[in-house]
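Written below as structure tokens is the structure these notes are about.
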Amino acid sequence: MENSSLILAIAAVLFVHGADAGADLSRPHLETRNGVRQLVVDGKPFLVLGGELRNSSSSSREYMKSVWPRLVEKKLNTVLAVVSWELIEPEEGRFDFASVDGFIDDARKNNMKVVFLWFGSWKNGLSSYPPYWVKTNPQRFPWAKNRDGRTLDILSTFSDATRDADAKAFAALMRHIRQVDGKEHTVLMMQVENEVGIRDDSRDRCPAANEAFSKPVPKALMNYLVKRKDTLAPELREVWAANGSKTSGTWEEVFGPGKPDSVKLYGPDLTQERKDILWRQLSWPVDEFFMAWRYSTFIHKVTAAGKAGYDIPMYANAWLQQPGGPRPGEYPSGGPVPQVHDIWRFGAPSLDFLAPDHYISQFSEACERFTRNGNPLFIPEANTGGQAGANALTALLKFNGIGFSPFGIDGFGFRPRPQGTNAPAPSADSFAQTYAILDYLAPVILDNQGTGTIVFLEPMNDTNAPPQEVKLGDYTLNLSYGTGGFGGRGGLGGGLGGFGEGPTVTNASPARLVINSGPGEYVFVGGPMTVTFTPNTPGRGGVVLGSFDETMLVDGRWVPGRRLNGDETDHSRRWPARRSFGIYRYRVYRRD
Ligand code: DGJ
């Protein structure tokens, strides 16, 4: 090729790729900043302040009319909503995306982003959402079997036909979303399936499953585990080690015996009820590992097909092990719970992360297990109720989460409306206030995730808490709570008043935190609270108040208030002691 044609060819390639690259950078995607995976939308990090609708709410646009104002009232910036296979592909190959388009349209009108949940082959482990033409054709789309040979309400992963039909529908959906939303980016992410896994048994026992179970662990998976032996989830590593850390062999040779079927185990004499009780008490992890491999590789194909249509972040969610249901099969066996994350990571590389549906009381513990090995935290489901606000803060601030979303948001905290009015009744809890604070602070939070500059001031709701010292950045902060006076080395003593009313918030958020958002810059959430600053390095002069910014609560949203450098702070010489809950920004410096 001549030089000039070569240059032209390169220019053409660059042009095409440049255009793609431009589109790619603005579409929702994940990026690592300060060691933290963040969701980036239109070039900016985005904090999902979400809520998940009940299962069927999004299937009716009419029904949603009265729900949207409630979501706005809750200060959500994102709604998680179902798209079901049966509604978009009622007949094989005939797609109807009217419900999807209507939902996106209404979300935009309400200034909200969307995470869609793909209810394809499975929802809560079961298969109630596939189309009728799938459910009624077991020859083509076979069902899983349990230990007694009974057919479960669960499509078997041992069917390429099911996988391919699901993947085809999901790909069509993603192509469509790209067409209608590829520029506006209302749709942020996709959840692929919902809480998959076998229920009422620890593994699928259809003939194809039994055959695969008796075969060696796939070599590629084995190699992956061997290579990552030192960083594997300890639960998986321990099971493997307890069985001799073999590097090849059948599933049972490598990970120990699986649960036999109930007849083999107990003989014919026990009643079925007794057998079931005894059987449930047994738990052998190999069955769960095997199913994790099956579900992850199935979902990988579905996800990859979807991404080929429109490449935005996608995740799978897990029904967690609960105190009342701790054994695989009592919770869906094979879903992306922490002990099988390594298998999922290798089986489904197209997924961006694995997410917990978090209904258990040890909130931080489960978050810790979900953030091992760099998995970012996104909580698509959690309890509503009194703890929801605090849990949102924990997920987003302590664990640098991408987002938080209580389940059943359409019914959360709303009293019945007075007859004849369409106005949403005010929420009785502090959740909306917490989201309002997070919404205001999102840019600061996202800037500071992963830098160790965000500190919870605990105990969160106790105005009688003893003073606290927090070493943060260049200063040590001395914080005292309640409405009492204040003083300290950094500022002038004595309570302040008479510099204008601070915002008054009843039912305040449980938030109380400080962010060291820059050199000498501190954003406080809380109140009543007073603060003084002591330099962490000796020498130089005293600490001076550079500026003090208040915020104001207007129609439930926090907005910037006044910069108080005049009489209100005695011309920056007094440290304003706020008597009410709020968000405040101090900038301090040292004068020689
Ligand atoms: C978890 C499921 O993922 C949701 O779809 C819903 O069924 C809730 N449980 C109900 O609590």
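Heavy-atom basis, side chains included; hydrogens, waters and symmetry copies ignored. Start at 1 and go down the list; that is how both ligands and their atoms are numbered.
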Next item on the list: For the residue pair Gln321 and Gln339, confirm or rule out a side-chain donor-acceptor distance under 3.5 Å.
Entry: yes
Next item on the list: Check whether the ring centres of Tyr295 and Trp122 lie less than 6.0 Å apart, and answer yes or no.
Entry: yes
Item checked: Whether Arg147 side chain and Asp200 backbone form a donor-acceptor pair below 3.5 Å -> yes
Note to self: If we set the cut-off at 4.0 Å for heavy atoms, which region of Trp319 has an atom near ligand 1: side chain, backbone, both, or neither?
What the structure shows: neither
Note to self: Starting from atom 5 (O) of ligand 1, what is the nearest protein heavy atom, named by residue and atom, and what distance separates them?
What the structure shows: Asn55 ND2, 2.9 Å
Next item on the list: Answer yes or no: is there a side-chain heavy-atom contact under 4.5 Å between Leu173 and Phe116?
Entry: no
Next item on the list: Say whether His358 and Asn383, considering side chains only, have a donor N or O and an acceptor N or O under 3.5 Å apart.
Entry: no
Item checked: Where ligand 1 meets Glu195 - atom numbers and elements under 4.0 angstrom, heavy-atom basis -> 1 (C), 2 (C), 3 (O)
Next item on the list: May I ask whether Lys123 has any heavy atom positioned less than 4.0 angstrom from an atom of ligand 1?
Entry: yes
Notebook entry, point to check: Any N or O on Asn194 sitting closer than 3.5 Å to an N or O of ligand 1?
Noted result: yes
Next item on the list: Look at atom 6 (C) of ligand 1 and say which protein heavy atom is nearest, naming residue and atom and giving the distance to 0.1 Å.
Entry: Phe407 CZ, 3.4 Å
Check: What protein heavy atom sits nearest atom 2 (C) of ligand 1, and how far away is it?
Finding: Asn124 OD1, 3.1 Å
Next item on the list: For residues Trp118 and Glu193, determine if any side-chain heavy atom of one lies less than 4.5 Å from a side-chain heavy atom of the other.
Entry: yes
Notebook entry, point to check: Quick one: are Leu377 and Asn400 in side-chain contact, heavy atoms under 4.5 Å?
Noted result: no
Notebook entry, point to check: Which atoms of ligand 1 have any heavy atom of Glu381 under 4.0 Å away?
Noted result: 1 (C), 2 (C), 3 (O), 4 (C), 5 (O), 8 (C), 9 (N)
Item checked: Contact atoms of ligand 1, heavy-atom distance to Asp357 under 4.0 Å -> 3 (O)
